J.: 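Can you read through this structure? Questions will come right after.
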Amino acid sequence: MEVVRQRDEALDKCRDIRQEFYRVGAELEEEKGLNQKLTAQVNMDFENSSIPSSQQKPGRKKIPNSRVKTDRKPGGQPGHAGHRRKLHAVTETHEIPAPAKYLDKENYYETGKIIRKQKVVIQMSVAVMEYTTKEYRDKRTGARVHAPFPEGYINEVNYDGTVKALAFLLSNECEYFLILICFMEKYDRKYQIFFL
């Protein structure tokens, strides 16, 4: 009887110790996570966060680069296919004549390769659809009246969805909104926009 009671007490004590061990382990993991988070916040500088370099505290050491150095130069590597811009269908071709010094057969010879460089020009033409109607005056009231215009013709000059879509695209994606408006005001029928 006494042995059974001692065994039960020992098992209870073991259970209490095990629960305390798990509780302390969980607290330790929580503190480790908090410590890691605070360490990362302290080590933030202008290179690994949005903090501007002007707010960099003096005496802070630079964070070392952990990449393994190789003897390769930066940029394109031999044997790796380059990622070039796609050539577009040509609408106009101009051949540049070779300078006279390259035509000297003693020092230069043709390789057979043609060097191509393209400039993409976007041409837009404006189509203006105008509706007209005669104005009448009511003899009794003096009110001016006219036939109703189709839907979308509210002001003297209205822009349809294509112009609004282009202005939205250029202002949000390309930041060219002001350039487009300047060209629209400058030219009446046809204009060109050059993206350099």
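As a basis for the values below, the full set of heavy atoms in this structure was taken, side chains included, without hydrogen atoms, waters or symmetry mates. Remember, predicted model here, so these are calculated numbers, not experimental data.
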J.: So, taking the atom named CD in Glu2 and the one named CD in Gln6, what distance separates them when rounded to the nearest 0.5 Å?
T.: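 If we round to the nearest 0.5 Å, Glu2:CD and Gln6:CD are 4.5 Å apart.
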
J.: Quick check: are there more than 12 heavy atoms from other residues, nucleotides or ligands sitting under 6.0 Å from CD of Gln19?
T.: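 For Gln19, atom CD is crowded (more than 12 foreign heavy atoms under 6.0 Å).
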
J.: Step through the shown structure and confirm whether more than 12 heavy atoms of other residues, nucleotides or ligands are within 6.0 Å of CG on Leu11.
T.: yes

J.: Kindly determine whether Asn35 and Lys32 satisfy side-chain contact (heavy atoms from CB on, under 4.5 Å), including the steps that lead there.
T.: CA-CA 5 Å; Asn35 187 12; Lys32 278 184 182 178; 5.6 Å; no

J.: With sequence neighbours excluded, what pairs up with Glu106 under the side chain to side chain contact (heavy atoms under 4.5 Å, CB included) test?
T.: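 Glu106 satisfies side chain to side chain contact (heavy atoms under 4.5 Å, CB included) with Asp104 only.
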
J.: May I ask you to check whether over 12 heavy atoms, not counting those of Arg116, lie within 6.0 Å of atom CZ?
T.: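 Atom CZ in Arg116 is not crowded, with 12 or fewer foreign heavy atoms closer than 6.0 Å.
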
J.: Rounded to the nearest 0.5 Å, how far apart are OG1 of Thr91 and CD of Gln118?
T.: 9.0 Å

J.: Centres of the Phe149 and Tyr131 rings: under 6.0 Å?
T.: no

J.: Counting only heavy atoms not in Glu30 (residues, nucleotides, ligands), do more than 12 fall under 6.0 Å from its CD?
T.: no

J.: Excluding sequence neighbours, so at least two apart, what forms salt bridge (charged side-chain N to carboxylate O under 4.0 Å, His left out) with Glu31?
T.: none

J.: When you look at CZ of Arg72, are more than 12 heavy atoms from neighbouring residues, nucleotides or ligands closer to it than 6.0 Å?
T.: no

J.: Any salt bridge between Arg15 and Asp12, counting N to O under 4.0 Å?
T.: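 Between Asp12 and Arg15 there is a salt bridge, with a charged N closer than 4.0 Å to a carboxylate O.
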
J.: Provide the full list of salt bridge (charged side-chain N to carboxylate O under 4.0 Å, His left out) pairs with a residue in residues 138-154, sequence neighbours left out, each pair given once.
T.: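 Residue pairs with at least one partner in residues 138-154: Glu135-Arg144, Asp138-Arg140.
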
J.: Could you list the residues that satisfy salt bridge (charged side-chain N to carboxylate O under 4.0 Å, His left out) with Glu92, not counting sequence neighbours?
T.: none

J.: Between CD of Gln77 and OG1 of Thr70, what distance do you get to the nearest 0.5 Å?
T.: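 These two atoms lie 7.5 Å from each other.
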
J.: How would you list, by chain and number, every residue that makes a side chain to side chain contact (heavy atoms under 4.5 Å, CB included) with Tyr22, sequence neighbours excluded?
T.: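 Side chain to side chain contact (heavy atoms under 4.5 Å, CB included) list for Tyr22, sorted by chain: Arg18.
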
J.: Assess the residue pair Val4 and Arg7 against the criterion (side-chain contact (heavy atoms from CB on, under 4.5 Å)); give the C-alpha distance rounded to whole Å, side-chain angles, the decisive distance to 0.1 Å, and a yes or no.
T.: CA-CA 5 Å; Val4 172; Arg7 185 198 64 175; 4.1 Å; yes

J.: What I want to find out is whether Glu9 reaches Lys13 closely enough, with some N-O distance under 4.0 Å, to be called a salt bridge.
T.: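 No, this pair does not count.
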
J.: Does Glu95 have any salt bridge (charged side-chain N to carboxylate O under 4.0 Å, His left out) partners at least two apart in sequence or in another chain, and if so, which?
T.: none

J.: Indicate yes or no: at least one non-hydrogen side-chain atom of Glu20 is less than 4.5 angstrom from one of Ile17.
T.: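 Not in contact.
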
